[in-house]
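Let me begin by presenting the structure, written as structure tokens, before commenting on it.
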Amino acid sequence: MNAKPIDLRELSKEEVTALVAELGDKPYRAAQVWEWLWKTHAPSIEGMSNISKDLRAKLAERAVLRPLVIAEQQKSNDGTIKCAFRTWDGHIVEGVMIPTEKRITACVSSQIGCSLDCDFCATGKLKRVRNLSAGEIVDQVVQIARLAEEHLKRPLTNIVYMGMGEPLLNYANTMRSAERINAEDGLGMSYRRITVSTAGIAKQIRQLGDDGAKFNLALSLHAATDEKRSSLMPINDSNNIEDLVSALRYYTRLTRKDVTFEYILFRDFNDSLEDARDLLRICSKVDAKVNLIEYNATDDGRFQRTPMEQALKFQNYLESKGITARIRRSRGRDIDAACGQLANKNEPAVAGGERVMKPVQKD
Ligand code: SAH
């Protein structure tokens with residue numbers, strides 16, 4: 001009996017080469033298989049059309065390929081497209097294509113569900129099911145890039161790990177997927193175009209420094225005192241602001257990169273000029289710029305969005321003190337595709353239910 005099948009995209013290049021050799025084929029075949037896995041994205045082992053039938057059959061006996069498939073797409077009236085992807089074991093994760101005039105950004109998930117339970121985030125209400133593999137993270141990018149070409153005839157320009165899940169709690173696969181997105185024999189996209197967003201896991205932020213991570217790092221700060229931050233994000237109890245500042249200083253020193261603080265403005269909670277002063281104090285300790293994010297209502301109604309006038313005051317205060325601060329408008333809200341809204345709303349409660357397919361109209 002065969003043991004658990006090998007997932008081909010869990011293998012390193014050396015391991016693929018060894019496997020192909022073991023099956024009696026030449027090294028150049030292994031290079032071709034590797035390309036199918038990470039560059040041309042074969043839908044199946046059978047679909048690796050320039051590989052001999054014999055090798056494909058032998059590979060299929062020993063190994064599997066487990067690509068994500070698009071189960072459903074929804075298009076926002078601002079052009080944002082949300083994709084529900086089905087995993088090989090029947091779960092749904094969401095990824096989003098966000099077009100602007102200059103950019104097309106893919107927002108990808110790193111886990112099925114999330115373990116962090118941030119108060120303001122719909123994904124936090126789901127249970128964490130499992131980590132996504134590096135292959136499954138890359139698949140979202142590949143499929144969203146195809147949508148960009150298909151609908152807008154433009155290439156993807158940016159990738160943000162800001163979908164479901166906490167990328168730094170899926171550290172190895174986050175690193176590997178970013179490496180595969182960057183690699184010449186992968187998607188060939190510059191690390192400067194990749195941003196990983198974290199709720200703040202101090203130990204892993206230091207690890208990024210030790211590993212010389214080359215992508216951009218964003219930290220979901222959202223409040224500038226521990227009291228407020230802990231009331232929003234339980235993770236702050238074990239990774240408080242001081243721990244994070246210290247880890248970020250370590251990271252910026254080793255990588256020579258600055259970081260982005262994400263700060264959702266909640267009306268009458270963290271949007272006063274006193275809050276801005278507290279935030280400034282943190283910014284004075286870390287090389288950072290600030291993205292002020294519009295709050296997207298989730299279902300429970302604890303928070304409201306800060307009025308734009310107040311958001312501008314908050315921004316102006318930071319800018320007057322020499323901190324780069326930008327207000328990020330929300331996209332895709334009408335289809336629950338915006339930050340914090342990814343929660344498989346259309347997912348049938350019982351596994352095996354039929355999903356309604358909503359094909360997206362071409363532009
Ligand atoms: N776990 C990671 C990545 C996922 S969240 C992280 O926490 O950074 C991506 C961004 O969306 C984070 O900054 C998150 O705080 C923000 N977000 C979550 N819920 C939101 C909401 N309801 N409105 C606006 N932004 C939200």
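Just so you know, these numbers use all the heavy atoms, side chains as well, and skip hydrogens, waters and symmetry mates. Numbers here simply count residues along the sequence, with the first being 1. We count ligands from 1, going down the list as the structure has it; atoms in each ligand are counted the same way.
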Inset, instruction - Give the contacting part of N296 toward ligand 1: side chain, backbone, both or neither, where contact means a heavy-atom distance below 4.0 Å. - result: both

Inset, instruction - Using the ring of Y250 (Phe, Tyr or Trp, six-membered ring only), decide whether R206 places NZ or CZ under 6.0 Å from its centre and within 45 degrees of its axis. - result: yes

Inset, instruction - Would you mind checking which non-hydrogen protein atom is closest to atom 19 (N) of ligand 1, with the distance to 0.1 Å? - result: G340 CA, 2.9 Å

Legend entry - Heavy atom of G165, distance to ligand 1 below 4.0 Å: yes

Inset, instruction - Decide whether the shortest distance between a heavy atom of A218 and an atom of ligand 1 is less than 4.0 Å. - result: no

Legend entry - Atom indices of ligand 1, in the order listed, that fall short of 4.0 Å to a heavy atom of Y295: 21 (C), 22 (N), 23 (N)

Legend entry - Salt-bridge criterion met for R329 and E294 (N-O under 4.0 Å): yes

Inset, instruction - Specify whether F266 and F303 have parallel, tilted or perpendicular ring planes, treating 30° as the upper limit for parallel and 60° as the lower limit for perpendicular. - result: tilted

Legend entry - ligand 1 contact on L116 by region, counting heavy-atom pairs under 4.0 Å: neither

Inset, instruction - Please find out if less than 6.0 Å separates the ring center of F120 from that of H222. - result: yes

Inset, instruction - May I ask whether M164 places a heavy atom under 4.0 Å from ligand 1? - result: no

Legend entry - Nearest neighbour in protein (non-hydrogen) for atom 5 (S) of ligand 1: M162 O, 4.0 Å

Legend entry - Geometric cation-pi criterion, R256 with Y251: 6.0 Å, 45°: no

Inset, instruction - Closest by any non-hydrogen atom to atom 4 (C) of ligand 1: pick that one out of S197, P167, G163. - result: G163

Inset, instruction - Could you tell me whether D287 and K257 make a salt bridge, using a distance below 4.0 angstrom between a side-chain N and a carboxylate O? - result: no

Inset, instruction - Closest by any non-hydrogen atom to atom 24 (C) of ligand 1: pick that one out of R305, H222, E294. - result: E294

Legend entry - Carboxylate-amine/guanidinium contact D89 R66, below 4.0 Å: no

Legend entry - 4.5 Å side-chain heavy-atom contact, I51 and V33: yes

Inset, instruction - Please answer whether the main-chain N or O of V20 pairs with a side-chain N or O of D25 as donor and acceptor at a distance below 3.5 Å. - result: no

Inset, instruction - Could you check atom 26 (C) of ligand 1 against the protein and tell me its nearest heavy-atom contact, residue, atom and distance included? - result: I264 CD1, 3.3 Å

Inset, instruction - Would you mind running through ligand 1 and noting each atom that sits below 4.0 Å from a heavy atom of C121? - result: 18 (C), 19 (N)

Legend entry - Remaining members of the apolar cluster that contains Y28, side-chain heavy atoms under 4.5 Å: none

Inset, instruction - Say whether F120, considering both its backbone and side-chain N or O atoms, lies within less than 3.5 Å of an N or O atom on ligand 1. - result: yes

Inset, instruction - Could you say whether the N/O atoms of E166 and ligand 1 ever approach to under 3.5 Å? - result: yes

Inset, instruction - Run the numbers for me: atoms of ligand 1, each under 4.0 Å from some heavy atom of S220, listed by number. - result: 6 (C), 7 (O), 8 (O), 12 (C), 13 (O), 14 (C), 15 (O)

Inset, instruction - Could I get the full list of ring pair (Phe, Tyr, Trp, His ring centres under 6.0 Å) partners for F261, not counting sequence neighbours? - result: none

Legend entry - Taking atom 16 (C) of ligand 1 as the reference point, the nearest protein heavy atom with its distance: C339 CB, 4.0 Å

Inset, instruction - Could you list the atoms of ligand 1 found under 4.0 angstrom from a heavy atom of E262? - result: 10 (C), 12 (C), 13 (O)

Legend entry - Contact check: Y161 vs ligand 1, nitrogen or oxygen atoms, below 3.5 angstrom: no

